[in-house]
Protein chains: 2
Amino acid sequence: MLSFTEENYLKSLFQLTVESNEKVEAGTNEIAAHLGVKPASANDMLKKLKDKKLIHYEKYGKSTLTKEGRKYALEIVRKHRLWETFLYEKLEFSWDEVHEVAEQLEHIQSKKLIDKLDKFLNYPEVDPHGDAIPNAKGELEISQRKSLLEEEIGHACKMVGVKDNSAAFLQYVDSIGLSINQIIRIKAREEFDDLLEIEVNGKKNRVSPKFAENIIITCSECNRLRKN
Amino acid sequence: MLSFTEENYLKSLFQLTVESNEKVEAGTNEIAAHLGVKPASANDMLKKLKDKKLIHYEKYGKSTLTKEGRKYALEIVRKHRLWETFLYEKLEFSWDEVHEVAEQLEHIQSKKLIDKLDKFLNYPEVDPHGDAIPNAKGELEISQRKSLLEEEIGHACKMVGVKDNSAAFLQYVDSIGLSINQIIRIKAREEFDDLLEIEVNGKKNRVSPKFAENIIITCSECNRLRKN
DNA sequence: TATAATTGTTAGGCTAATCTAACAAATTTA
DNA sequence: TAAATTTGTTAGATTAGCCTAACAATTATA
């Protein structure tokens, strides 16, 4: 049985590696920053998780999850996303409110609870942010995802999630008229200041690279090209 | 903000005093036993809770909740019982399975969550064990309750709850055909061995005093007499 | 009422998770 | 490549909550 804290470290490492498009391993400082603790604290825990064979860690090296660690991480992610779905669909929480409460609910220990919840929600495949929910076997469908910033000019893509889960950012996203499953077409990239010109629901808007980087999309055009 | 552990001590004290028919204050050893810790540990925490003005405690004396402490305890009890109701009514948990999971869920911190849950469940008044659920204002309807053992011979009463929440006892209760809101008529008390002869749903049974003591009932006949 | 039994308290330790401060290794940059 | 910067580690302290062992106060009983 893992502690609340150990679970949070595994989840962080999962998000920084498995669910990141850029990297497959994470440094001590990075993990510490992600969890809001000091590097010294993270260092202690990394050594502990290594002893428990949940992560690969070597002195002065980067860390990754072991198979066993990934299994636990997937369980936590599954719980987190099912609870978010419950809050959003059944309790009328808004999109930007679910995360904080799910952070607490994800640590409840009861296999029966989570499987019954899954059934109650009718086995959803994605949470309110568009992130895939691992199934009861721990399988996670990883579709071809990337940030809006990486999308080709002229392509149309579908928003499936966000990277930054802060309430502030989510409200900003809402204010631009963006939401999950919304189709976004990239019209152009402004040479002068790198702003992206996008069209959502027939309405044009300009967004910053920083903003675009935090919007996760899938592009079936790109996927089609990739398959050839 | 109270810690998980502080909340558990307040809840224990609430159950041992406010919700107990026998006593209005609890001793250190009693609280420790109720929580499954050693008296020395309970002693530490009682001093801490006194400093926080959540309980009345004096060296070598008994403890009770302050007004403030009772307020917190009622919030926790409210959460516990709403979650039990959710598990029972929405997730198909059985009567004897809800308690353990609710012990964890009751510590989730989110006023919005619990009020939305209350609404989702359509503002239930009692949980699956028949215990009253405090409303959002922290008001708890205390109806005249007592154990089956204290009931008058010849009276008919309604089962509204149990004292022992262990799965073993709850299954025993089930096996006798008893459940919440079931009407129980006391036919006689056996002089020889003090067994109670009861009738439930037209079926007769004999139960021990220990069993009867753990069944909570209300008796409208007694209440009527009391009012005169 | 003196003694025994019970109940409650204190002192001192342990563990998990955090911190600060000092230091060491690795990487980047001049 | 030498120096500067970044990144990671260690030692030692702190806090919450628990423990054991010894002791003190209270209550029950002979």
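Just so it is clear: chains get the letters A, B, ... in the order the sequence lines come, proteins before strands, and each one is counted from 1. Just the heavy atoms: all of them, side chains too, but no hydrogens, waters or symmetry mates, feed the values below.
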Worksheet item: Residues from residues 59-66 of chain B sitting under 4.0 Å of DNA chain C, heavy atoms only?
Response: K59(B), Y60(B), K62(B)

Discussion item. Rounded to whole Å, please give me the gap between NZ in K38(A) and C1' in dA16(C).
Written reply: 20 Å

Worksheet item: Can you tell me how far C1' of dT9(D) sits from CD of E58(A), to the nearest Å?
Response: 14 Å

Discussion item. One thing to verify: whether R78(A) and E106(A) come together as a salt bridge, which I'm taking to mean a side-chain N less than 4.0 angstrom from a carboxylate O.
Written reply: no

Discussion item. How many whole angstroms separate atom CD1 of I31(B) from atom C1' of dC18(D)?
Written reply: 16 Å

Worksheet item: Taking OP1 and OP2 of dT18(C), is either one under 4.0 Å from a side-chain nitrogen or oxygen of Y9(A)?
Response: yes

Discussion item. Could you tell me how far apart L49(B) (CG) and dA16(D) (C1') are, to the nearest whole angstrom?
Written reply: 13 Å

Worksheet item: Taking atom types as modelled, is there a side-chain donor on E30(B) or H34(B) under 3.5 Å from an acceptor on the other?
Response: no

Worksheet entry | Short side-chain N/O contact to dA16(C) OP1/OP2 from S3(A), under 4.0 Å | no

Worksheet item: Given dG8(C), dT10(C), dC19(C), which nucleotide is nearest the side-chain atoms of T28(B)?
Response: dG8(C)

Item to complete: Report yes or no: does Q104(A) contribute a side-chain atom to a donor-acceptor pair with the main-chain N or O of V101(A) at less than 3.5 Å?
Response: no

Worksheet item: Under 4.0 Å between a side-chain N/O of N29(B) and OP1 or OP2 of dG8(C), yes or no?
Response: yes

Discussion item. What's F4(A) touching, base or sugar-phosphate or nothing? Going by heavy atoms closer than 4.0 Å.
Written reply: nothing

Practice prompt. Measure from NZ on K50(B) to P on dT9(C) and round the result to the nearest Å.
Written response: 11 Å

Discussion item. Starting the side chain at C-beta, find the nucleotide from dC18(D), dC19(D), dT9(D) nearest to T5(B).
Written reply: dC18(D)

Worksheet entry | Phosphate OP1/OP2 of dT9(D): any K47(A) side-chain N/O under 4.0 Å | no

Response to the item:
Whole-Å distance, D44(A) CG to dT15(C) P, equals 15 Å

Item to complete: Tell me, please, which residues at least two apart from N43(A) pass side chain to side chain contact (heavy atoms under 4.5 Å, CB included).
Response: T28(A), K47(A), Y57(A)

Worksheet item: Which whole-number value in Å describes the distance from L35(B) CG to dC18(D) C1'?
Response: 12 Å

Worksheet item: Can you tell me if NZ on K38(A) sees more than 12 non-hydrogen neighbours from other groups inside 6.0 Å?
Response: no

Fill in: Proximity to the side chain of V37(A) - top-ranked nucleotide from dC19(D), dT9(D), dT18(C)
dT18(C)

Discussion item. Using a 6.0 Å distance limit plus a 45 degree cone around the ring axis, check whether K90(A) lies over the aromatic ring of F120(A).
Written reply: yes

Worksheet item: Parallel, tilted or perpendicular for F86(A) and F86(B), by the 30°/60° rule?
Response: tilted

Practice prompt. Measure the distance from OH on Y57(A) to P on dT7(D) and round it to the nearest whole Å.
Written response: 16 Å

